[in-house]
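Right, one structure below, let's go through it.
Atoms within a ligand are numbered from 1 in the order they appear, just like the ligands themselves. Note that these values count all heavy atoms, side chains included, but never hydrogens, waters or copies made by symmetry. Predicted model only: the values in this text are computed from it and were never measured.
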Amino acid sequence: MWRRIYEGLQAHFPAFSVDDWWGVTDSFARMAGSILVQNTAWTHAKRALEELERAGLLEPEALTHAAPDYVANLIRPAGFQQAKSAALIRLSQWVLEKGGLDALLSGTESADELRQELLQIKGIGPETADTILAYALKRPAISGDAYSRRLYERLTGESLSYEQIRRAMLNEFHQVEELQRLHGLVVEHGKEICQKRNPRCGICLFASHCNRLSCDPYSFI
Ligand code: SF4
């Protein structure tokens, strides 16, 4: 099913690119952004990232040695600043323990191995870990986030958990680039068309297969 969704979305958003990850290209900045965006909009997380960059803290060595209160003050635009500051510092320490970002990027540890380690870091849950793995550490991973769960539920009428959605997508896709693109396209569709409230079904490519509109969902699957 996810392969067909992917192909449909590719055709619908031909110019879509995940190369710049919503304006952030640096791997460590993507890791930090994955924490900062928790429970807030990306615009707020981006402002916090910019504050960290201005302060010279957007790299693990500097962030590890920074005072938690100072970091918290800088990232205030993203909210939950004390918890996020502590998580950022713990993540930086983990990166250094692993030998640095280059070692992580060129290492042979699998997505599952790194995921288990990331999930041990307080303040990093499954969605943050999967985002870090996919977009910063370039591993075959994907988040079964709210956009994916909403699209699946509306298309099929079936509600799946984060883990069920994640595993279903990983069963069909194995390449890093495709997984990044699948997630990015689902998010784009969720923001532009299949919105939480008032989805724009009239312009949706899935309209003739969507359970929400009482079509036969299995004609799509
Ligand atoms: S038809 Fe409507 S509810 Fe169904 S996937 Fe498209 S936008 Fe979402």
Exercise for the section: Report yes if some heavy atom in the side chain of V71 is under 4.5 Å from a heavy atom in the side chain of L52; otherwise report no. Expected result: yes

Fill in the blank from the handout: Protein-derived N, O or S atoms sitting under 2.8 Å away from atom 6 (Fe) of ligand 1 total 1

Exercise for the section: Report yes if some heavy atom in the side chain of E178 is under 4.5 Å from a heavy atom in the side chain of P140; otherwise report no. Expected result: no

Exercise for the section: Check the surroundings of atom CD in E127: do more than 12 heavy atoms from other residues, nucleotides or ligands lie under 6.0 Å from it? Expected result: yes

Practice task
Determine the minimum heavy-atom distance between G123 and Q38, stating which atoms define it.
Solution key: O-NE2, 3.0 Å

What pairs of donor and acceptor atoms, side-chain ones from residues 59-70 against any protein atom, are under 3.5 angstrom apart with sequence neighbours left out?
from	atom 1	to	atom 2	distance (Å)
E59	OE1	E61	N	3.4
T64	OG1	P60	O	2.7
H65	ND1	E61	O	2.9

Practice task
If the plane angle is over 60° it's perpendicular, under 30° parallel, otherwise tilted; pick one for Y152 and W2.
Solution key: parallel

